[in-house]
Amino acid sequence: MRNLAEKWPAAPDWTTAVLNKDGISVRTLGGLNQLLVSGDLTAWSQASGLAGGGVGAGAVAGGDSYMVRIARDRILAAGERPFPIAAGWHEAGFAVSVMDAGLHVFEIEGPALAGLVARATALNPGQASRSASILFAGVNVLFYRFGNPDRARLHVDRGFAPYLWEWLEHASGL
Amino acid sequence: MSTSRLTHGGSDIDRARPLTFTFDGRRVEGFAGDTIASALLASGQAIVGRSFKYHRPRGIWGSGVEEPNALVDVESADGRVPNARATTVPASDGIVVKSVNASPTALADRNAVLDRFARFLPAAFYYKTFMWPDWHLFEPRIRAMAGLGVVDRDWKPRQVADQINHHCDVLVVGAGPAGLAAAAGAAAAGHSVVLVDDRTHPGGSLRHRAGEVDGVEGAAWVEATVAKLKSSGQIVLTKTTAFGLYDHNLVALNQRHRDGRPDTLWRVRPRRIVLATGAIERPVPFANNDLPGILSADAALAYLLRHGVLVGRQIVVATNNDSAYEPASALTAAGASVTVVDCRREGGAQARAGVRVLAGRLVAAARRHDAVQGVLLDDGTRLAADCVLVSGGWTPTVHLFSQAKGKLAWSDQLAAFVPGEAVDGIGVAGAMAGTVSLSETLASGVTALDAFGSSSSPALQSTGAEATLGVVGLWPKPKGKGRVWIDYQSDVTAKDVELAARENFVSVEHLKRYTTLGMATDQGKTSNLNGLALLADVTGRAIPEVGTTTYRPPFTPVPFVSLAGARRGSMHAPIRRLPLEANHRAAGGVFQEYGGWLRPAFYGSGEARAAIKEEARRARQSVALFDGSTLGKIEVIGPRAAEFVDFIYYNTMSTLKPGHCRYGFMLSENGVVFDDGVLVRLDEHRFIVSCSSSHVAAVHARLEEWRQDRFGRDAVYIHNATAQCATLTVSGPNARGLMEALDLGAALDDASLPHMAVAAGRFAGDEVRIARVSFTGDRSYEISIRADRAEALWERLQREGRAFDAVLLGLESLMILRAEKGYIVIGKDTDGNIMPHDLGVAGPRTKRTSEFVGRRSLFTEAANDADRNQLVGLAVRDGEAPLATGAHGVEKSAGRLRSIGFVTSSYQSPTLGRPVALALIERGAARHGETIDVQHLGVVRQATIVAPCAFDPEGSRLHA
């Protein structure tokens, strides 16, 4: 029986792995608290204190905690500190699931970010997208900029994080 | 054919940079800027390939993507490119060029003898000839003879091909005068522009035909316009072919590089597209019109002015239109003796001094040896010639327009199809839109931007001589003498088209498939119109009544390496990875792909079968540790969550109490078992669907679909939280002992945590969920912990497990344990017909009164069929080997063997010391104890139908 571990390289140590490549730097952002929230987002905003509708693909988020828009009734809340809101159903009209460990977060930074986006996504840089949920290198991610236009965050199902890392290592033109 | 390089001229070549390469082993000299074709012509190489079917000698016909003959394999330091068009590949120093479909060389092809038997090999002869006794007897040899270039099986790209997505306001395809006018207009209006052209240099016809714009000579105007576009930040891509136009006006571009990089794939999404793709000159029909030395008149002009190559000394030009006179004049000026045979009685007004014109005459045949030596006219006149140029009119390059579902309209004036009704977002310009003069062409470039906005600056003016066409139809005629070639690349003659029509293949689509007209790498760029014109004549229809075949991408061949980009090898189909993969690797895990996950099949470096058996044996004796992180964890949350899971599941789930779980089926709408698994109820409004590992995405989509379709936005929400938690399984007689050693803070006694109950605990400060469910039949606990903290728990389990002789369990040994118990795997032990009552779970079908997915299908005639396959176990005689998975149960019926079902799972059980098997057998549930025949690869064995559960049928070990 062939050991397919030879075909797929082992994932790097995410705590130290950094990819520097032609104007792009990629690293894992650990420790981000993440909640998946669906339902009445106005009620959620009142409960959480997070204002706004959440950033879409390519838009710039900022601050200690913020929301990333997924669908008209769904967001991912991300923050450096835990959210004081329990998982489950809330009578105010929203559902919450914890995704702290479920979504691996890459932080990508550098002047070549636009080139990377053009290779990984079909995003139109000149047109805002309401949802941050897009295909990136063929897998579903949440993608937005953070702090400034040259820095992006990308949340991906943790099972696909090694694939995305390999893609970033090998993709041409970066 | 006496082609030669002139001592001067050639706008594309740099005579200061000579180069050499070989063609079929012969040295060829050229200059930087040459294509392989221009260098071959300059070196006097008349025969450059052999035809696909008859191995006739063929020479260069065109000068661009339309080339049907000059396909070559090109070997360089970057590898071998098969079937490259010599007319579009730049010549470079040291490359090795080989003709295709020729052995050993194009000049001396040993298969040339096939042409002598041509009368026995008409269109579709092999459809008729090789049907008896069996086509498959002949197929391998025929396939070996077919094909053109040779693929290098060991070739690997040196790097990943780049793929770029791009958005712009205007994409202009074609950088001829119309395209340049459109691009300049769009840029001046402030739009972002991408201009692409498949040639090395922009300019289109202005690079070799006369033209003057705003008082500036054509080539100079081209250079100035391109420079202005580039300086204003617009993108100009040469050596780039727009090969496909897809939904929502997505355009795919193939960009070729000269530095060894694989081709780049561009996916451009413009707001508006301008197609200025030009037109392709048509061949003229006469006998032997495929001989080397017969080429397009426009190509001859291009080779003369771009590459300084004179294609002959004694040239006959056969034409039906005015455009042939410019090449005739230029070649005369270059020193050739040129006679124009113009089928129009009034033709020849454009002829310049020195050009002889025979008006009202037709070329009836080309005289031959291996290359053209002269022509025979319709009045019997013989003309000596070392080269025959043909100009049978122009076919607009409407491929991309048609791919966009644009309808074509027939133009009698142009004797061609042109774009008909406009397509949203697409403008057409230049020769592809049917313009002839430069004035019309420049104006059309601006018109193509209508409704989108172009510059208000003064319109471009043509200030030089204007081209005219005056074309008349010159189509192939039925019952002509000799072999008149319609499609060079597919070796289709006029007689083949006539034969197809006689055999009633009178639809143009049928004609294509019967004769292969318009197939192959050139997709009939030079042949389609002549072919369908002849079909129209033979069938008594007008050309527009016959219509065209369907245009599909790609316009030109695109390398797979470019289409693949980074998605190749290990990145072709992304596979999910376990949170504990590094631990499994360190423990000697041997990995396989299971349902989109990379998982340990077994552990250790020993022989696989022995290792798997040993894991299964020890799991039954002590305790096993298994990574079940792939199990679905889809949360169903909301005020109507209980009602929702009732509807989704076959089993009633709303009666489940918080803190408990229940096994159940999900059905498809047709009643077939779609998935099975455990549903956990955490509280009144929150459930977790723990579905099969490989079905998570499908189950998630199904839940979301039904939520949206039936339950609305406020009733229930679906969150796929599978990745959030790792699930570590402890199973076996010593499972409870090991669990207690972990001290998770939860009571584990059977009263507090009975089978199919759930409890909360803590490990190292993190909350964990403990579920008592079992897929082995032994007492088992599933501990779910956030994935990024699972490693510590896994290590602790192994450490504490040493005292219990714990064993790591791979997926293969788990398969043995569950098969011993008769536990099924959906998709393996079920197929697309199996309903829950076939698996022995009939209760909900008969008792449930509420609606659920698939319910109605469970009461159809087929669902009630007494002969349905049903899940059973199969036992073999003592000492026999396991049955083969997939082996069929058989019985004799009317003297023939008939399948009565098949083996779905089969293993050697180390615990029982005998094989166990699961099978789906007709009426199996009522046939326990019956011995049936089981056949595999012609060997028939006997097996006895038994209950699916072979181990601990009382289930006492679940509580041991």
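Each chain gets a letter, A, B and so on, in the order the sequences are listed, and its residues count up from 1. Since this is a predicted model, take the numbers as computed values, not measurements.
- Contacts between B:A582 and chain A at a heavy-atom distance below 4.5 Å are absent for every atom of the residue.
- Taking the side chain as every heavy atom from C-beta outward, B:E635 and A:L36 never approach each other to under 4.5 Å.
- Residues B:I637 and A:S97 approach most closely at CD1-OG, 3.5 Å, considering heavy atoms.
- Looking at B:A601, the atoms closer than 4.5 Å to chain A (heavy atoms on both sides) all sit in the side chain, from C-beta outward.
- The CZ atom of B:R599 sits 14.0 Å away from atom CG of A:L4, with the distance rounded to the nearest 0.5 Å.
- Put simply, the side chain of A:E166 reaches to within 4.5 Å of the side chain of B:S570, judged on heavy atoms.
- Using a 4.5 Å cut-off between heavy atoms, B:P639 touches chain A through backbone and side chain atoms alike.
- Here the closest heavy-atom approach between residue A:A101 and residue B:Q724 is recorded as N-OE1, 2.8 Å.
- Among the candidates A:D40, A:D100, A:D73, A:L103, the residue making the largest number of heavy-atom pairs closer than 4.5 Å to chain B is A:D100.
- Heavy atoms closer than 4.5 Å to chain B are found in the backbone of A:V37, but not in its side chain.
- Among A:H104, A:E91, A:R72, the residue with the largest count of heavy-atom pairs under 4.5 Å with chain B is A:R72.
- Taking chain A as the reference chain and counting heavy-atom pairs below 4.5 Å, the highest number among B:R585, B:R686, B:H584 is found for B:R585.
- Residues A:N124 and B:R269 have side chains not in contact (no heavy-atom distance under 4.5 Å, counting atoms from C-beta outward).
- Heavy atoms from other residues, nucleotides or ligands lying under 6.0 Å from NE2 of B:H257 number more than 12.
- By the 4.5 Å heavy-atom criterion applied to side chains, A:R74 and B:H719 are counted as neighbours.
- Looking at B:L598, the atoms closer than 4.5 Å to chain A (heavy atoms on both sides) all sit in the side chain, from C-beta outward.
- In this structure, the separation between NE2 on B:H685 and NE2 on A:H90 is 11.5 Å, given to the nearest 0.5 Å.
- In B:R713, the CZ atom is crowded: over 12 heavy atoms of neighbouring residues, nucleotides or ligands sit closer than 6.0 Å.
- Residues A:W89 and B:Y717 meet the side-chain proximity criterion, which asks for heavy atoms closer than 4.5 Å.
- Chosen from B:G638, B:A608, B:A790, the residue pairing most often with chain A at heavy-atom distances under 4.5 Å is B:G638.
- Taking CG from B:N720 and CE from A:M99, the interatomic distance works out to 7.0 Å, rounded to the nearest 0.5 Å.
- The distance from the CE atom of B:M571 to the CG atom of A:L164 is 10.5 Å, given to the nearest 0.5 Å.
- We find the OG1-CG distance between A:T121 and B:N165 to be 6.0 Å, quoted to the nearest 0.5 Å.
- B:Q592 touches chain A through backbone and side chain together, each having a heavy atom under 4.5 Å away.
- Of the atoms belonging to B:R567, it is side-chain heavy atoms, and not backbone ones, that fall under 4.5 Å from chain A.
- Counting heavy atoms from C-beta outward, A:K7 and B:F591 have side chains that stay 4.5 Å or more apart.
- Distance alone, capped at 3.5 Å, places no donor-acceptor pair between the B:Q159 side chain and the A:H170 backbone.
- Across all their heavy atoms, A:A11 and B:E581 have their closest contact at N-OE2, 4.5 Å.
- Annotation: side chain of A:Q127 is not in contact with side chain of B:H167 (no heavy-atom distance under 4.5 Å).
- For chain B, the nearby parts of A:V98 are the backbone and the side chain; heavy atoms of each come within less than 4.5 Å.
- For chain A, the option among B:T264, B:L682, B:V590, B:D714 with the highest count of heavy-atom pairs below 4.5 Å is B:V590.
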